[in-house]
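Presented below is the structure to which this report refers.
A note on names: the letters A, B, ... follow the listed sequences, proteins ahead of strands, and every chain is numbered from 1.
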Number of protein chains: 2
Amino acid sequence: MFSIGELSRRTGVKVPTIRYYEQSGLMEQPERSAGNQRRYSVAALERLSFIRHARALGLSIDDIGELVELAADPERPCGEAHAIASAHLSAVRARIAKLRKLERELKRIVGLSDAGCLGECSVIHSLADHRYCASEH
Amino acid sequence: MFSIGELSRRTGVKVPTIRYYEQSGLMEQPERSAGNQRRYSVAALERLSFIRHARALGLSIDDIGELVELAADPERPCGEAHAIASAHLSAVRARIAKLRKLERELKRIVGLSDAGCLGECSVIHSLADHRYCASEH
DNA sequence: TCTTGAACCTCTAGCCGCTAGAGGTTGTAG
DNA sequence: CTACAACCTCTAGCGGCTAGAGGTTCAAGA
């Protein structure tokens, strides 16, 4: 049985965040001590590790909620879990693609400015008018 | 003189967003009609285009606020504007690097699951235990 | 056994960048 | 002159926490 602080130390998830996960239904309500303090089992520790890892991979609270449910039900987990993970993979790839475009554009804008500050500022100039952009965004 | 709706149409920024920008100090308070409706000048149109473009590049409201001020003051814009843009470029690059790690990890997890669903679900299995991860996150 | 004081409790509000809705007023075309 | 779209202000909500107020409990040392 761990206190919330000990659970926090062991998982690296901050105390208020653990309470937030409980409030949003991601963590089960734990037992309480005589004085109303939370007392966690090893199972709760494992669940929180799972959540933390999935969050680190960028999955939403909702997605993780689904995965937690699937994990608890060995009858039908695999296909649905796979779908959630691969949908997320697509989303991550889309975000990478978009950020790469931004990177190119910013590089161009910053590079112009490096080339010499004659007259007006080219950073501000580039930002002011989309027509000077190399690509869409 | 444009109404807020016309400004919205011309810039592609939604009406409530324009009001939000005004409230947060990014757009100046415009003139008003006799009946208290906003009336925008061409200068306001240009400013909003600037803001929209900078937002599309992912700059924060605060950063854009600074840039707008710099743009209005031709005495000292270039170096500071450059600093803001290149700091943002670094941030974008860092985000790309992080997302690429996630992509690799997710690909691995999803790939495992594709390889065959024997016994337990490997997606859930991989999420449950960080030790199976190829890299840090 | 008593006393600290760190850790815990609940509740509320704030962060960013919008978005949505209620409930009321104005502008404009027919 | 009427109808109705567009406008107005105000408040609240989204996700995923984070911070603070104000009060209680636990555990170690004297």
Side-chain angles (χ1 to χ4, degrees), chain A residues 1-27 29-40 44 47-48 50-68 84 87-88 91-92 95 98-99 102 137, chain B residues 1-27 29-40 44 47-48 50-68 84 88 91-92 95 98 102 137:
Chain A
M1 286 289 145
F2 316 116
S3 69
I4 197 168
E6 220 171 303
L7 193 67
S8 170
R9 244 166 286 125
R10 280 170 193 251
T11 57
V13 178
K14 288 182 187 165
V15 167
T17 304
I18 297 172
R19 285 197 277 250
Y20 169 74
Y21 287 162
E22 181 183 328
Q23 194 203 274
S24 57
L26 211 47
M27 287 292 287
Q29 304 224 356
E31 289 175 43
R32 299 282 182 142
S33 71
N36 198 35
Q37 299 195 354
R38 288 167 179 84
R39 290 295 174 260
Y40 291 96
R47 183 159 177 165
L48 187 55
F50 178 102
I51 292 167
R52 178 181 128 85
H53 190 190
R55 280 295 302 142
L57 291 171
L59 288 150
S60 71
I61 298 280
D62 277 4
D63 281 348
I64 297 170
E66 271 219 63
L67 287 171
V68 166
I84 291 171
H88 187 59
V92 166
R95 262 161 68 202
K98 205 175 160 201
L99 281 171
L102 294 187
H137 43 259
Chain B
M1 287 289 146
F2 316 116
S3 69
I4 197 169
E6 219 171 304
L7 194 67
S8 170
R9 245 168 283 125
R10 281 169 192 251
T11 57
V13 178
K14 288 182 188 167
V15 167
T17 304
I18 297 172
R19 287 197 276 249
Y20 169 74
Y21 287 162
E22 181 183 328
Q23 195 204 270
S24 57
L26 211 47
M27 287 292 286
Q29 303 223 359
E31 290 175 41
R32 299 283 181 142
S33 73
N36 198 35
Q37 299 195 355
R38 288 168 179 84
R39 291 294 175 260
Y40 292 96
R47 182 160 176 163
L48 187 55
F50 178 102
I51 293 167
R52 177 181 128 85
H53 190 191
R55 281 295 302 143
L57 290 171
L59 288 149
S60 71
I61 298 280
D62 277 4
D63 281 348
I64 297 170
E66 272 220 62
L67 287 171
V68 165
I84 291 171
H88 186 59
V92 166
R95 262 161 68 203
K98 203 174 162 202
L102 295 187
H137 43 258

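- Under the side chain to side chain contact (heavy atoms under 4.5 Å, CB included) criterion, B:Lys98 pairs with no residue at all, not counting sequence neighbours.
- Judged as a side chain to side chain contact (heavy atoms under 4.5 Å, CB included), and not counting sequence neighbours, the contacts of B:Tyr20 are B:Ser24, B:Ile61.
- Computed from coordinates, the A:Ile18 CD1 to C:dT10 P distance equals 13 Å when rounded to whole Å.
- Residue contacts shown for A:Arg19 include a base, since a base heavy atom lies under 4.0 Å away.
- Contact between the side-chain N/O atoms of A:Arg38 and the OP1/OP2 oxygens of C:dC9 is found at a separation under 4.0 Å.
- Judged purely by atom type and a 3.5 angstrom limit, A:Ser8 uses its side chain to pair as donor or acceptor with the backbone of A:Val13.
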Would you mind writing out the side-chain donor-acceptor pairs for residues 31-38 of chain A within the sub-3.5 Å range, not counting sequence neighbours?
from    : atom 1 : to      : atom 2 : distance (Å)
A:Arg32 : NH1    : A:Asn36 : O      : 2.9
A:Ser33 : OG     : A:Gly35 : N      : 3.2
A:Ser33 : OG     : A:Asn36 : N      : 3.4
A:Ser33 : OG     : A:Gln37 : N      : 3.0
A:Arg38 : NE     : A:Glu22 : OE1    : 2.8

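- The CG-P distance, from A:Leu48 to D:dC17, rounds to 11 Å in whole Å.
- The distance from atom CD of B:Glu22 to atom C1' of D:dT9 is 12 Å, rounded to the nearest whole Å.
- B:Tyr40 places its OH atom 12 Å from the C1' atom of D:dC8, with the value rounded to the nearest Å.
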Once base and sugar-phosphate atoms are separated, protein heavy atoms under 4.0 Å mark nucleotides 12-30 of chain C, 5' to 3', with B, S and - as -----BBS------SS---
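- Looking at residues two or more places apart in sequence or on another chain, you find a side chain to side chain contact (heavy atoms under 4.5 Å, CB included) between A:Phe2 and A:Glu6, A:Leu7, A:Arg10, A:Tyr40, A:Val42, A:Leu45.
- Here D:dA5 presents its C1' atom at 14 Å from CD of B:Glu6, a figure rounded to the nearest Å.
- Crowding of A:Arg39 atom CZ: a count of heavy atoms from other residues, nucleotides or ligands under 6.0 Å exceeding 12.
- Residue-level contact check: A:Ser3 touches the backbone only, with heavy atoms under 4.0 Å from sugar-phosphate atoms and none from bases.
- For the pair A:Arg52 CZ and D:dC17 P, the computed distance is 12 Å after rounding to whole Å.
- Phosphate contact (OP1/OP2 of D:dT9, side-chain N/O of B:Arg32, threshold under 4.0 Å): present.
- Across the protein-nucleic acid pair, A:Leu57 atom CG and D:dG16 atom C1' stand 17 Å apart, rounded to whole Å.
- Applying the 6.0 Å contact sphere to CZ of A:Arg19 captures more than 12 heavy atoms from other residues, nucleotides or ligands.
- The distance between atom CZ of A:Arg9 and atom P of C:dA6, rounded to the nearest whole Å, is 14 Å.
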